[in-house]
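As structure tokens, the structure follows; a few thoughts come after it.
Quick note on labels: first sequence line is chain A, next is B, and so on, each numbered from 1.
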Amino acid sequence: MVDLDADGRELSRSVVAPEEFPAHVSERERSAPTRWVWHDSSRRYPALLAAGVRVARCHDLRLVHRILLGLEGTDPTARQRDDVWAGEGVPAPDAGQALFDLVAPTGPTAAIEETLAEFARQRDALGRARAGLHLLVAAESAGALLAVEMHTAGLPWDARAHEAVLDAELGSRPTVGARPARLEALARRLREELDDPGLNPDSPTKLLRALHRQGLPVESTGRGELAAVDHPAVATLLEYKRLARLWTANGWAWLDEWVAGGRFRPVYIPAGVVTGRWASAGGGALQIPRGLRVAVRADPGWRLVVADVAQLEPRVLCAMAQDTALAEAARGRDLYEGIVADGAVTSREDAKLALLGAMYGATTGESGRLMPRLRLTYPRAMGLVDAAARRGEDGEAVSTLLGRTSPVPDGTWLRTQARATEADAAASEIARARREARDRGRFTRNFVVQGTAAEWALTWLADLRGRLARMPAARVDATRSGPVFSRHAHIAFFLHDEVIVHCPEEHVGEVSAAVRAAADAAGRLLFGDFPVDFPLDARVADSAAKA
DNA sequence: AAGGGACGCGCG
DNA sequence: AAAGCGCGCGTCCCTT
């Protein structure tokens with residue numbers, strides 16, 4: 001382990017045996033503010049939490065490396081170091097290399113030197129970067145810690161409530177290999193209604209053929225298209241699809257695999273999405289269906305504080321663009337109603353449609369039709385996303401408010417564009433280049449908004465995490481949360497613009513206040529005094545189901 | 001038998 | 001209704 005001062009100068013070195021590492025970290029955390037610098041929080045932190053040791057701050061070299069790679073002027077050799085610093089990482093060595101767990105290309109003995117060199121490069125790059133990037137790096141690293149903490153604590157999950165949903169929807173649990181009773185009944189009815197005795201409704205190919213034999217004008221078996229045609233089998237099929245989805249995605253097998261000891265423990269992957277949004281692996285944590293939220297239940301004596309931000313992305317867009325007209329429409333009320341009041345559109349539904357279209361790049365249909373009106377009323381906000389789209393179409397990179405950059409186009413894309421400008425380019429080649437350019441424009445258009453919204457949410461989360469950590473211990477244990485979280489309010493779930501805090505009943509007031517204070521802080525940190533607010537829908541409940 | 005692409009659908 | 005963005009994951013179905 002190496003001690004550094006605030007300027008990154010080396011103070012001392014020591015070797016700490018792995019079994020002594022948690023106690024060592026715990027001692028440091030108590031005695032002085034410490035920022036742990038390590039390769040990968042997802043590999044280093046679980047063992048600390050398992051030993052009951054929580055870390056306040058870190059610098060996650062792997063995640064920061066990925067952010068810095070996109071900066072202009074980045075050392076071109078940085079990309080050669082990608083495999084080591086930004087890749088999936090490598091198993092930590094068992095040897096007592098302590099803090100720095102990197103296995104460098106030149107072998108384990110060089111790990112600390114490599115780690116120090118990477119940290120120095122990152123400090124150097126950050127020293128030249130604007131303030132926003134420092135905030136992003138701090139928030140990203142806090143998120144890396146939180147992702148491990150949420151996995152360790154888990155989301156309180158009541159298997160009996162889940163089973164009650166399955167029983168009500170699907171019938172009793174079937175034997176292995178068989179469909180649940182209600183699903184099998186629907187399949188039988190479907191075979192009759194489509195006059196196809198051998199039909200397997202799970203096969204899109206066979207299903208489509210059966211629908212065509214009935215004379216139905218559908219090109220796919222998708223829900224949307226089906227709902228638009230008139231046939232007795234449609235209602236049956238839609239119900240079959242709904243239940244089949246519940247069964248295969250979140251049925252008894254899911255419960256057996258992913259819920260243990262009253263907790264659902266997904267793996268969170270910070271910045272797993274190019275925009276900086278989090279991804280998850282295992283159990284589909286980011287796709288928990290609404291109907292199963294009744295199974296998210298606080299422990300006895302504990303409660304859930306469930307909070308989400310209303311219309312996060314449009315608010316972020318308006319602040320990022322410094323669009324005071326849109327900010328005025330958003331202030332203290334439903335943003336979409338504000339747009340109606342401005343006379344840009346005539347209904348709330350149209351306002352939502354138009355704004356989503358602006359952020360996603362809709363060109364056709366209702367949404368595309370409404371956008372010109374929006375451009376007239378909110379030229380700054382619309383100008384920002386339009387400019388991002390143009391840059392993307394031109395093959396340039398865009399960046400979020402704090403400085404996360406979009407990926408650059410790959411060689412195939414560039415060649416397609418170049419080919420289209422040559423004198424002998426075929427019409428089809430030109431059309432293809434044009435289509436791919438527009439595709440990329442929609443991506444960069446959305447990138448700046450989605451990515452900045454992710455930064456707001458990450459800042460909110462990081463700030464909230466700190467506030468919760470400073471709260472006192474509870475009287476009632478939630479023993480299933482593990483040693484670090486059994487007596488302290490903790491973030492149990494995060495999904496883009498929503499957070500669920502699991503906390504002792506006696507702390508719900510403080511926690512609710514902390515959730516709001518953190519949202520206010522995030523707004524100020526990103527947008528300073530610009531007059532936009534981020535209203536929360538927050539509630540205290542035993543379950544995460546919508547009230 | 002395993003791998004991968006397409007599809008479909010859940011979430012924001 | 002879907003559309004226009006970003007995902008994960010289960011199933012089918014074809015290739016190797």
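Contact annotation: A:Thr221 side-chain N/O to B:dG8 OP1/OP2 distance is under 4.0 Å. Phosphate contact (OP1/OP2 of C:dC5, side-chain N/O of A:Arg440, threshold under 4.0 Å): absent. Checking the phosphate oxygens (OP1, OP2) of C:dC13, a side-chain nitrogen or oxygen of A:Thr205 falls inside 4.0 Å. Taking only side-chain nitrogens and oxygens, A:Ser280 never comes nearer than 4.0 Å to OP1 or OP2 of C:dC7. At C:dG4, none of the side-chain N or O atoms of A:Asn446 fall inside 4.0 Å of OP1 or OP2 (strictly under the cut-off). In terms of phosphate contacts, A:Lys241 brings a side-chain nitrogen or oxygen within less than 4.0 Å of OP1 or OP2 of B:dC9. A sub-4.0 Å separation between OP1 or OP2 of C:dA3 and a side-chain N or O of A:Thr363 is absent.
What you find for A:Asn250 and A:Pro289 is that their closest heavy atoms are OD1-CD, 3.4 Å.
Toward the 5′ end of DNA chain C lies the nearest nucleotide of A:Gly224, the other residue of the pair A:Ile269 and A:Gly224 mapping further downstream. Of the residues near DNA chain C, A:Gly365 and A:Trp258, the one whose nearest nucleotide (by heavy atom distance) lies more toward the 5' end is A:Gly365.
For the atom pair CZ (A:Arg404) and CD (A:Glu455), the distance works out to 6.0 Å, reported to the nearest 0.5 Å. For the atom pair CZ (A:Arg189) and OG1 (A:Thr236), the distance works out to 4.0 Å, reported to the nearest 0.5 Å.
Both distances falling under 3.5 Å, in either a Watson-Crick or a G-U wobble arrangement, place B:dA1 opposite C:dT16.
If you check every strand for non-hydrogen atoms under 4.0 Å, A:Gly282 touches sugar and phosphate atoms only.
Of all nucleotides listed (C:dG4, C:dC7, C:dC12), C:dG4 comes nearest to the side chain of A:Arg442. Comparing atom distances between the A:Gln450 side chain and each of B:dG8, C:dC12, C:dC5 picks out C:dC5 as nearest. In the set C:dC9, C:dA3, C:dC12, the nucleotide with an atom closest to the side chain of A:Pro204 is C:dC12. The side chain of A:Leu353 approaches C:dA3 more closely than any other nucleotide in the set B:dG12, C:dA3, C:dT11.
For A:Phe493 and A:Trp157, the gap between ring centers reaches or exceeds 6.0 Å.
Syn is the classification of C:dG4, since its glycosidic angle stays within 90° of 0.
For the side chain to side chain contact (heavy atoms under 4.5 Å, CB included) criterion with A:Glu393, the lone passing option out of A:Arg438, A:Arg440, A:Arg442, A:Arg445 is A:Arg438.
At a cut-off of 3.5 angstrom, counting only N and O atoms as typed in the model, there is no donor on one side facing an acceptor on the other between the side-chain of A:Arg277 and the base of C:dC7.
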